[in-house]
Protein chains: 2
Amino acid sequence: MSDLLERLRGRGWRMTAQRRVVAEVLDGDHMHLTADEVHARAVDKLPEISRATVYNTLGEMVSLGEVIEVSTDHRAKRYDPNAHRPHQHLVCARCGAIRDVHPAGNLLGDLPDTERFGFTISDVEVTYRGICPNCA
Amino acid sequence: MSDLLERLRGRGWRMTAQRRVVAEVLDGDHMHLTADEVHARAVDKLPEISRATVYNTLGEMVSLGEVIEVSTDHRAKRYDPNAHRPHQHLVCARCGAIRDVHPAGNLLGDLPDTERFGFTISDVEVTYRGICPNCA
DNA sequence: CGCTTGACTTAGACAGTGTCCATTGTAGGA
DNA sequence: TCCTACAATGGACACTGTCTAAGTCAAGCG
Ligand SMILES: [Mn+2]
Ligand SMILES: [Mn+2]
Ligand SMILES: [Zn+2]
Ligand SMILES: [Zn+2]
């Protein structure tokens, strides 16, 4: 089942009921949940799990590169278990729906050397904004 | 001096000391300030200006398209008076320094039709991340 | 000019999101 | 089974942003 859980076990994580539940929630069908949304779903499976533990666990997963933090609006960060296939996000400006997208081309190459100001650039983050078919 | 102020006057804004000061701060040398940083600088010029007014004024300037909201980290929004020349941002992952950059190429064109899922896309937001010369 | 009025400002309460810490619990190895 | 280092807990706290009720004032008008 949980590939995410497998990878975490392989990294020497102490396996607790709480971490199992957080991993299960992330691997479920709902993508791009906020920490509090993850917590709400986790509570359904393990009523005594605390908010702090969910925040800690998500933060650790991000540090390990197993989960990605996404912030498409200026509100809560969202947690994305799709960390092993590089992708970007397409966001509906009206309802907030989020889709994974895979742009063609070399995004990093679009930035000329004269525009790099001596930075060593390691990452490009792109958010496409528009109106989804439902909202149109 | 303040081009920003001129444009706002032209839009029928009631001209108050508070709005003048916020516009002056934005047009100063420091770019990409947070609302509370704008407030701190505004207080130096007009001690009684309130936090709420700074938030309100910045929000109105954004609505009018005279200022852009930027969120490069997952913390406070930053306010960018450079609203009339489209650009993107380059951010130092260590110290948070922000530079304006002007990518070549058609950013929107990088997203194939098959990756648009029926959305009407109106905007692309790009953040380049790396390490600045100072931090390297 | 001085009045009038509706737009603007203010202080502070409140809400949403995230962090911290002292205490308690427990996974997993000896 | 026991130990102990690591993890979980709950609640206080910090940061960012929003809201409201009451007071203030810019600007148009006589
Ligand atoms: Mn994603
Ligand atoms: Mn800028
Ligand atoms: Zn929509
Ligand atoms: Zn730096």
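Just so you know, these numbers come straight off a predicted model, no measurement behind them. Letters A, B, ... mirror the listed sequences (proteins, then strands); counts begin at 1.
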Next on the checklist: I'd like to compare against my own output: the B/S/- annotation of nucleotides 24-30 of chain C with a strict under-4.0 Å heavy-atom distance to protein.
Outcome noted: --BBS--

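- One finds a salt bridge joining A/Arg78 and A/Glu37 here, because a Lys/Arg side-chain nitrogen approaches an Asp/Glu carboxylate oxygen to under 4.0 Å.
- At a non-hydrogen distance threshold of 4.0 Å, A/Arg51, A/Ala52, A/Tyr55, A/Ala76, A/Lys77 from residues 51-77 of chain A come into contact with DNA chain C.
- Side-chain contact between A/His84 and A/Arg7: present, with at least one pair of heavy atoms (C-beta onward) separated by less than 4.5 Å.
- Separating the CD atom of A/Glu48 from the P atom of D/dG10 is a distance of 9 Å, rounded to the nearest angstrom.
- Annotation: proximity of residues 90-100 of chain A to DNA chain D (heavy atom, distance under 4.0 Å) is found for no residue.
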Which atom pairs, donor and acceptor, lie under 3.5 Å between side-chain atoms of residues 124-136 of chain A and protein residues at least two apart or in another chain?
residue: A/Glu125; atom: OE1; partner: B/Arg129; partner atom: NE; Å: 3.1
residue: A/Arg129; atom: NE; partner: B/Glu125; partner atom: OE1; Å: 3.2
residue: A/Arg129; atom: NH1; partner: A/Thr72; partner atom: O; Å: 3.1
residue: A/Arg129; atom: NH2; partner: A/Thr72; partner atom: O; Å: 2.6

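- Contact check, B/Gln18 against C/dT10: a side-chain N or O comes under 4.0 Å of OP1 or OP2.
- When the salt bridge (Lys or Arg N to Asp or Glu O under 4.0 Å) test is applied to B/Arg20, no partner is found at least two apart in sequence or on another chain.
- A straight line from CZ of A/Arg11 to P of D/dC6 spans 18 Å, rounded to a whole angstrom.
- Applying the ring pair (Phe, Tyr, Trp, His ring centres under 6.0 Å) criterion to A/His89, with sequence neighbours excluded, gives A/His32, A/His87.
- By the rule that hydrophobic residues join a cluster once side-chain heavy atoms approach within less than 4.5 Å of another member, A/Ile49 and A/Tyr55 end up as members of separate clusters.
- A/His39 has its NE2 atom 11 Å from the C1' atom of D/dA8, to the nearest Å.
- Look at A/Glu66 and A/Arg11 and you find a salt bridge, because one of the NZ, NE, NH1 or NH2 atoms lies within 4.0 Å of a carboxylate O, short of that distance.
- Annotation: side chain of B/Asn82 is in contact with side chain of B/Asp100 (closest heavy-atom distance under 4.5 Å).
- At whole-Å resolution of the value, CZ in B/Arg20 and P in C/dC8 are 14 Å apart.
- Under a hydrophobic clustering in which Ile, Leu, Val, Met, Phe, Trp and Tyr are joined whenever their side-chain heavy atoms come within less than 4.5 Å, directly or via other members, B/Leu111 and A/Val70 fall into different clusters.
- Taking the side chain as every heavy atom from C-beta outward, A/Val38 and A/Val22 approach each other to under 4.5 Å.
- The pair A/Glu24-A/Arg41 fails the salt-bridge criterion, with no side-chain N (NZ, NE, NH1 or NH2) lying under 4.0 Å from an Asp/Glu carboxylate O.
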